[in-house]
Amino acid sequence: MKQRWMIPMLALALAVTACSSEDDFSTGAGEGQVTFTVDVPAEINQVQTRAESGYALPTALIPAAADFALQMTGSYLDEQNLTQSYTGSWVTVAAYHMEKPDLQAGTYSATFTHGEAGVEGAGKAYFTGALTDFEVKANKTMTYPVSCKLANSCFTVQVTEWMLNYYDAIELTIHTEANSFTFAMNSQEVTELTFVNPAQVLALSGKAVKAQNGVAVEFAKTQIGSTIAPETLYAISVDHGKAGAGSLSIAFDGTFTEVEEQEIELNPEI
């Protein structure tokens with residue numbers, strides 16, 4: 001009876017040994033490779049007048065996955081069991097995948113970027129994504145997914161029909177901490193997307209001419225709303241304010257700001 005049990009017990013022992021050896025082979029010292037699948041979702045948050053919804057960025061603004069820049073850092077144990085550091089960078093993910101670098105088995109992190117960080121303006125979308133503490137295994141090729149999202153904020157400006165009826169030659173300027181963007185508002189058409197740094201408060205100023213009497217007015221620079229968030233579109237709507245009075249009503253992130261007009265004295269010496 002004892003001999004009948006020896007064969008299956010031996011087979012089990014061999015199987016355990018084989019699994020252990022395979023694990024050691026894949027996770028121990030040595031070189032391996034990593035590939036990445038980059039996803040770039042088009043949908044971002046949108047904040048309108050008292051409403052929040054989703055918004056899909058125009059296709060032309062969505063970068064190809066292969067075009068992201070890649071920076072990678074990591075650590076691994078050398079033959080003397082000492083911890084070593086690794087740093088690498090590639091102009092694009094496509095260049096990285098073409099090179100197929102051999103990496104020492106260890107723990108790594110990667111950052112993916114597209115666009116120019118901190119640069120504001122039309123079309124200046126900046127995308128980032130990160131993958132932290134992923135493994136490189138010896139003699140294996142690992143594939144990891146990463147999502148790269150819009151890292152800055154953006155806004156549009158629109159005026160109402162009432163605003164257009166009350167004023168002519170409307171110019172509105174949106175101010176950030178470092179820049180200003182001026183729009184000639186001749187219709188109810190929404191302005192193009194303008195990308196700005198998050199974590200700041202926007203301000204609005206402007207000038208116009210009263211349609212009824214041709215008097216030129218201006219609107220002092222005034223902060224609107226609260227601190228803006230990344231991956232979010234803010235739809236700024238500007239209306240003529242109180243009936244019979246000169247003012248603007250600015251709708252932004254669910255809040256309203258009133259700005260009084262000030263008549264411009266064109267010939268102060270007369």
Donor-acceptor contact present, side-chain Asn152 to main-chain Thr232, <3.5 Å: no

Within a radius of less than 6.0 Å around NZ of Lys210, do more than 12 heavy atoms belonging to other residues, nucleotides or ligands occur? yes

So, for Tyr167 and Phe219, is the gap between ring centers shorter than 6.0 Å? yes

Look only at the side chain of Thr156 and the backbone of Ala235, and say whether a donor-acceptor pair between them is shorter than 3.5 Å. no

Joint hydrophobic cluster, Tyr126 plus Leu70, side-chain heavy atoms closer than 4.5 Å: no

What heavy-atom pair brings Ala151 and Pro198 nearest, and what distance separates the two atoms? O-CG, 3.6 Å

From CD (Gln33) to NZ (Lys100), nearest 0.5 Å: 7.0 Å

Side chain to side chain, Asp133 and Ser109, heavy atoms closer than 4.5 Å: yes

Ring centres of Tyr76 and Tyr86 under 6.0 Å apart? no

More than 12 heavy atoms of other residues, nucleotides or ligands under 6.0 Å from CD of Glu99: yes or no? yes

Please report the shortest heavy-atom distance between Gly254 and Val47, naming the atom on each side. N-CG1, 4.4 Å

Worked check of side-chain contact (heavy atoms from CB on, under 4.5 Å) between Val190 and Val157: CA-CA 6 Å; Val190 176; Val157 182; over 6 Å; no

In short, Gly54 meets Gln46 closest at the heavy-atom pair O-NE2, 3.6 Å

Rounded to the nearest 0.5 Å, what separates atom CD in Glu135 from atom OG1 in Thr107? 6.0 Å

Mind checking whether Thr128 and His114 have side chains closer than 4.5 Å, heavy atoms only? no

Can the ring centroids of Tyr96 and Phe36 be said to lie less than 6.0 angstrom from one another? yes

State, to 0.1 Å, how close Phe195 and Cys154 come at their nearest heavy-atom pair, and which atoms those are. CD2-CB, 3.6 Å

side-chain contact (heavy atoms from CB on, under 4.5 Å) assessment of Thr176 paired with Gln200: CA-CA 7 Å; Thr176 68; Gln200 61 179 325; 3.4 Å; yes

I'd like to know whether CD of Gln80 has more than 12 heavy-atom contacts from other residues, nucleotides or ligands below 6.0 angstrom. yes

Do Lys221 and His175 have side chains that approach each other closer than 4.5 Å (heavy atoms only, starting at C-beta)? yes

With hydrophobic residues grouped by side-chain heavy-atom distances under 4.5 Å, do Val209 and Leu164 end up in a single group? no

If the test is side chain to side chain contact (heavy atoms under 4.5 Å, CB included), which one of Ile170, Val159, Thr194, Thr173 qualifies with Phe183? Thr194

Ile224 and Ile236, any side-chain heavy atoms less than 4.5 Å apart: yes

How many angstroms lie between atom OH of Tyr108 and atom OG of Ser75, to the nearest 0.5 angstrom? 7.5 Å

Rounded to the nearest 0.5 Å, how far does CD1 of Ile250 lie from CG of Leu204? 4.5 Å

Does Gln262 use its side chain to pair, donor to acceptor, with the backbone of Glu218 at less than 3.5 Å? no

Audit row: Asn197, Glu120, side-chain contact (heavy atoms from CB on, under 4.5 Å) steps and yes/no: CA-CA 7 Å; Asn197 296 323; Glu120 299 182 322; 3.5 Å; yes

Has the side chain of Ser153 got a donor or acceptor atom that lies under 3.5 Å from a matching backbone atom of Ala229? yes

Calculate, to the nearest 0.5 Å, the distance between atoms SG and CZ belonging to Cys148 and Phe127 respectively. 9.5 Å

Within one Ile-Leu-Val-Met-Phe-Trp-Tyr cluster: Met72 and Tyr144, side-chain cutoff 4.5 Å: yes

Measure the shortest side-chain to side-chain distance between Asp253 and Ser226 over non-hydrogen atoms and say whether it is less than 4.5 angstrom. yes

Shared ILVMFWY cluster between Met185 and Met163, side chains joined below 4.5 angstrom? yes

Are Glu231 and Asn45 close enough that a side-chain donor and a side-chain acceptor fall under 3.5 Å? no

Side chains of Phe181 and Val196: closer than 4.5 Å at any heavy-atom pair? yes

Return the minimal non-hydrogen interatomic distance between Phe68 and Val40, and the atom names on each side. CE1-CG2, 3.5 Å

Would you indicate whether the side-chain heavy atoms of Leu61 and Leu193 approach each other to under 4.5 Å? yes

Between Ser247 and Glu258, the two heavy atoms sitting closest are OG-OE1, 3.5 Å

Apply the test side-chain hydrogen bond (donor to acceptor under 3.5 Å, both in side chains) to residues His97 and Thr35: give CA-CA distance (whole Å), side-chain angles for both, the deciding distance (0.1 Å), then the verdict. CA-CA 7 Å; His97 284 153; Thr35 62; 5.0 Å; no

Considering residues, nucleotides and ligands other than Glu161, do more than 12 of their heavy atoms fall under 6.0 Å from its CD? no

Test side-chain contact (heavy atoms from CB on, under 4.5 Å) on Ser249 and Thr257 and set out the steps. CA-CA 6 Å; Ser249 177; Thr257 303; over 6 Å; no

Is there side-chain contact between Thr37 and Thr143, with heavy atoms separated by less than 4.5 Å? yes

Glu43 side, atom CD; Leu233 side, atom CG - distance, nearest 0.5 Å: 11.5 Å

